[in-house]
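Take a look at the structure below.
Heavy atoms only: backbone and side chains are in, while hydrogens, waters and symmetry mates are out. Just so we're clear, the structure is a prediction, and the values are computed from it rather than from any experiment.
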Amino acid sequence: MKDPYAVLGLDRSTEHEKLKARYKELRELYGEQRFKAGEEGNEGARKLQELEEAWVIIGANIESEEKFDSIGDGDCYGRVDGLIRQGKYNEAQDILDSITDRKGEWHYMQAIVFYKREWLTEAKTQLEMAVQDDPTNAKYRSSLDKLKMTIANPGMTGNASNGGAAQQQEAPVPQQQANDMSNCLSTCCCAYCLTDCLCTTLRCC
């Protein structure tokens, strides 16, 4: 399909008022042309139809962008979080798509949506971008570390509903290792604790 903005001879970065003005201008032009005789009239009718189809998309984009611009990015992320908790991933994605200033928090929330869809590689990429944007953010770094562990240990499961893109339960371990580390496992409640115990056991061998 042809880029709807190209039908107007503009691009998506154009201000909304200019898009609206251009649409009205072309609609009048093609509306008059379609009543002319012969091929010129046919061309006008074809272009008018193309314009109207393009405006359906552009108009929806404008409405969405104006709606979310009015509440601010901070509130948008709060809404995204709420929708994710409700399992409404498509609606959460729509809000994220409407945000043009995509910094660390945007990539973090996008990672959670991807993680919930079980797109782990894509989630990891987004978390890496979040960390790159804000290297001192402990939340981003912790989520990335946990997700890397999940990818490296497929037996693990995760839960992003509480704001973490990769919070895991313990991975299954062989029965002999479980017996040897029973005291340690009794106090471990996450993947990091389990890893520490495994490392301690290996050093003692």
Which atom pair, heavy atoms only, marks the closest approach of [X] to [Y]?
| X | Y | answer |
| --- | --- | --- |
| Val7 | Lys2 | CG2-CD, 4.1 Å |
| Pro4 | Ile57 | CG-CG2, 4.0 Å |
| Ile62 | His16 | CG2-ND1, 3.7 Å |
| Ala123 | Tyr115 | CB-N, 3.9 Å |
| Ala92 | Leu83 | N-CD1, 3.7 Å |
| Asp133 | Gly104 | OD2-N, 2.9 Å |

Out of Glu128, Lys124, Gln126, which one pairs with Leu147 under the side-chain contact (heavy atoms from CB on, under 4.5 Å) rule?
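Only match with Leu147 under side-chain contact (heavy atoms from CB on, under 4.5 Å): Lys124.
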Would you indicate whether the side-chain heavy atoms of [Y] and [X] approach each other to under 4.5 Å?
| X | Y | result |
| --- | --- | --- |
| Asp134 | Lys103 | no |
| Glu122 | Val113 | no |
| Arg46 | Arg34 | no |

Take Glu43 and Tyr30, measure what side chain to side chain donor-acceptor pair (under 3.5 Å) needs, and give me the verdict at the end.
CA-CA 8 Å; Glu43 180 70 5; Tyr30 299 146; over 6 Å; no
Cluster link Met129 to Tyr77, ILVMFWY, side chain under 4.5 Å
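Looking at the clustering, Tyr77 is in a separate group from Met129.
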With rounding to the nearest 0.5 angstrom, report the [atom1] to [atom2] distance, [X] to [Y].
| X | Y | atom1 | atom2 | value |
| --- | --- | --- | --- | --- |
| Arg79 | Ile95 | CZ | CD1 | 4.0 Å |
| Thr14 | Tyr5 | OG1 | OH | 8.5 Å |
| Gln33 | Leu26 | CD | CG | 10.5 Å |
| Glu50 | Leu8 | CD | CG | 10.0 Å |
| Lys116 | Glu118 | NZ | CD | 10.0 Å |
| Ile151 | Thr121 | CD1 | OG1 | 5.5 Å |

Using only atom types and a distance under 3.5 Å, with no angle test, would you say the side chain of [X] pairs donor to acceptor with the backbone of [Y]?
| X | Y | result |
| --- | --- | --- |
| Arg22 | Leu19 | no |
| Arg102 | His107 | no |
| Trp106 | Leu96 | yes |

With a 4.0 Å cut-off, would you call Asp81 and Arg85 a salt bridge?
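Between Arg85 and Asp81 there is a salt bridge, with a charged N closer than 4.0 Å to a carboxylate O.
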Under 4.5 Å side-chain heavy-atom separation, chaining through any Ile, Leu, Val, Met, Phe, Trp or Tyr, what else clusters with Phe114? Say none if it is isolated.
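In the cluster with Phe114 are Trp119.
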With a sphere of 6.0 Å drawn around CD of Glu52, does it hold more than 12 non-hydrogen atoms of other residues, nucleotides or ligands?
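Counting other residues, nucleotides and ligands, CD of Glu52 exceeds 12 neighbours.
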